[in-house]
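Reviewing the structure listed below.
Residue numbering restarts at 1 for every chain, and letters A, B, ... go by the order of the sequence lines.
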Amino acid sequence: WLGWSGKLDDDFWDDWEEAMIEVDLGVETTLELLDKVRGGLGSKKEATPVIVKERLGEELVSILESEAGALPRKSKDRGNPIVIMVVGVNGTGKTTTIAKLARKLSADGSLVILAACDTFRAAAIEQLQIWGERLGVEVISQQYGGDPAAVAFDALKAATARSCDYLIIDTAGRLHTRTTLMDELAKIVRVLRKIDPGVPDEVYLCLDATFGRNGVVQAAKFAEVLPLTGVLLTKLDGTARGGMVVSIQKELGIPVVALGVGEDASDLIEFNPVAFVEGLIG
Amino acid sequence: RISSKFQTIFKQIRGQGRLSEKNISDSLRDVKLALLDADVNYRVVKEIVARTRQDVMGEKVLQSLRPGQQFIKVFHDRLVEFMTDPESELKLAHTPALILLAGLQGAGKTTAAAKLALWLKEKQKLSSLLVAADLQRPAAVAQLEVLGNQIGVEIFKGKGKSPLKIIGDAIKYAKSSKIGCVIVDTAGRLHIDEKLMEELRKIKDKYPPDEILLVLDAMTGQDAVNVAVEFDRQITITGSILTKLDGDARAGAAISFRSVTGRPIKLIGTGEKLTDLQVFDPERIVSRILG
Ligand SMILES: Nc1nc2c(ncn2[C@@H]2O[C@H](COP(=O)(O)OP(=O)(O)OP(=O)(O)O)[C@@H](O)[C@H]2O)c(=O)[nH]1
Ligand SMILES: Nc1nc2c(ncn2[C@@H]2O[C@H](COP(=O)(O)OP(=O)(O)OP(=O)(O)O)[C@@H](O)[C@H]2O)c(=O)[nH]1
Ligand SMILES: [Mg+2]
Ligand SMILES: [Mg+2]
């Protein structure tokens, strides 16, 4: 399909460069992997388009498998609620993905509670409350303009008192370039740790698959102030492929945990490196 | 980072009496990489580089270069020229004027709708009616209501489940209330969602808007061309509002958008406040993209 003219000529490699850049793998990763695969090709005999694709796929999968990313599972001996915090820039799908996580985690009968810590954006609390109602999951909220850390604190107190299995914290979208807003997130963590020094168990960065290179910058910046444990990659039901997560894993060691593939609460799939790479270069 | 890349590229060109073919090839390769790093789409970059190579080889550029003048300045100016459009103002011919906002999920449409209403009120003394035509997202109508209340602009919440009907009713209401502009906020949708794209087409066909603006996130990467081409192909957009430019994304999507649609970017979003809306400045966006 790459118009192979019978040899791996410049056009062949240019086509691969185009294909990899266009799924947002970025220039550096693309050139590095193409050099590696091209350099690793032995005799003329084994250099076929199929082999090249296989080798590129293997390289990408090995990067994505280097850190396992999986959703948390509450074990019998864990007393307090597992705390999951979701952060990210504006509009990436945090609130919707939290609804999806709530649905998934409560499927086995686990008790999930949500904290509406976006006390800033218009109708943010109502949006999460509607999801809570749809899923039969309680939402802890306070007034707009209040301190998100105070809401988080009260939510963890309530979740603990009610023996909840999971507490998921929704936060306001914010650009990583705004220091005061990034400090606000760090404060939420500090305040939660007054109740339980072991939390949060998971801090997920929500990234929109349509993002270009800035997604990698976002990951680095959020990781500076928070113990990020994974990436939630959303909107993969579109045409964007989210290749930036390869750089994020390679450079920062942060794995992808789950993928958003639509606007319903059921549109969440757990991350599978092989399937994901097939989507990137298949 | 990129600016130092560009400075070195063109430092090699400046101060040289005559450019060798090798200088040009190397410099163009560096231009290509720099633009790709800024998220400009691959094929768009290829086109830009090819055109630049033609100009340089054809000596159009070199002849216009005075001794010591940096090639980068010429490249920069060419790009600014490319991003400039004489039709970049809002064309609001009808009474009431009709502005339709469309775009992917989370791009910033609802916020942009309210920003536009405030903009028209303050800059053009034009009253607006904000139409809550997103019946899909939880609390979307409530969101627009909160924003409308913040700026003293009326929100039209229709009855029933059809955005098309709500828009028709809103236009009637605006006419009878002598409101100057109807701004329609729509549900976020994928350009590949046939049903939702058809919904937009039906709106456009029944109530031809004065402006159909694609609201596009400045952080968008290579996918910008797919979104832009498809929205333009299906509903013939008149321009774009590029949002979230208050971040540090290079915003190469701006060049991709312009390149594949030929439409102007009319306004930019520079923050979450309703006052954070500015006229698109081609000079500033090119400087940002070229680093
Ligand atoms: N197609 C698609 N849309 C999604 C997906 N995830 C979220 N969305 C949509 O993206 C839009 C934004 O989602 P939100 O959950 O409000 O995003 P957010 O990050 O909480 O936004 P802020 O709180 O304003 O920063 C909504 O229209 C969602 O329905 C996904 O996986 N696919
Ligand atoms: N920093 C910044 N945030 C913005 C800007 N424009 C919108 N936002 C934020 O981006 C998020 C999404 O904005 P919305 O207006 O809800 O986006 P939308 O396109 O209506 O989303 P859907 O209706 O779900 O498709 C919100 O958190 C906004 O406050 C901007 O220019 N800069
Ligand atoms: Mg939210
Ligand atoms: Mg909206």
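Counting all heavy atoms, side chain and backbone alike, B/A139 lies closest to A/A123 at O-CB, 3.8 Å. Residues B/L147 and A/A122 share a closest heavy-atom pair of CD2-CB, 3.9 Å. The nearest pair of heavy atoms linking B/G221 to A/D24 is CA-OD1, 3.7 Å. Here the shortest heavy-atom pairing between A/L31 and B/L33 reads CD1-CD2, 4.3 Å. Closest non-hydrogen pair, A/V217 versus B/D248, comes out as CG1-OD2, 3.8 Å. The two residues B/P138 and A/I130 have their closest heavy-atom pair at CB-CG2, 3.8 Å.
Counting heavy atoms of neighbouring residues, nucleotides and ligands inside a 6.0 Å radius, atom CZ of A/R178 does not exceed 12 of them. Residue A/D10 places its CG atom among 12 or fewer non-hydrogen atoms of other residues, nucleotides or ligands, all under 6.0 Å distant. Enclosure of atom CD in A/E28 is not indicated, since only 12 or fewer non-hydrogen atoms of other residues, nucleotides or ligands lie within 6.0 angstrom. Other residues, nucleotides and ligands place no more than 12 heavy atoms under 6.0 Å from the CZ atom of B/R29.
In this structure, chain B has a heavy atom under 4.5 Å from the side chain of A/Q218, while its backbone stays farther away. Proximity to chain A is limited to the side chain of B/R137, based on heavy atoms less than 4.5 angstrom apart. Only the side chain of B/L104 comes within less than 4.5 Å of a heavy atom of chain A; its backbone N, CA, C and O stay farther away. In this structure, chain A has no heavy atom under 4.5 Å from any part of B/K109. There is no contact between A/R241 and chain B, counting heavy-atom distances below 4.5 Å.
With values rounded to the nearest 0.5 angstrom, B/Q105 atom CD is found 7.0 Å from A/D237 atom CG. Atom OG1 of residue A/T210 and atom CG of residue B/D217 lie 6.0 Å apart, to the nearest 0.5 angstrom. Rounded to the nearest 0.5 Å, atoms CD (A/E22) and OH (B/Y42) are 8.5 Å apart. Expressed to the nearest 0.5 Å, how far CD of A/E263 lies from CD of B/Q136 amounts to 4.5 Å. Note that CD1 of A/I21 is 13.0 Å distant from CZ of B/R43, once rounded to the nearest 0.5 Å. Within the model, atoms CZ of A/R121 and CD of B/Q143 stand 4.5 Å from one another, a figure rounded to the nearest 0.5 Å.
For the pair B/M219 and A/D208, the minimum side-chain heavy-atom distance is 4.5 Å or more. Using a 4.5 Å heavy-atom cutoff, the side chains of A/T239 and B/I192 are in contact.
When each of B/T220, B/V227, B/V146 is checked for heavy-atom pairs under 4.5 Å with chain A, B/T220 comes out on top. Between chain B and the options A/E126, A/Q129, A/H176, heavy-atom pairs under 4.5 Å are most frequent for A/H176.
Put simply, the side chain of B/N226 never gets that close to the backbone of A/A240: no donor and acceptor are under 3.5 Å apart.
Within the structure, salt bridge (charged side-chain N to carboxylate O under 4.0 Å, His left out) pairs that include any residue of residues 140-157 of chain B comprise B/E145-B/K157 (at least two apart or interchain).
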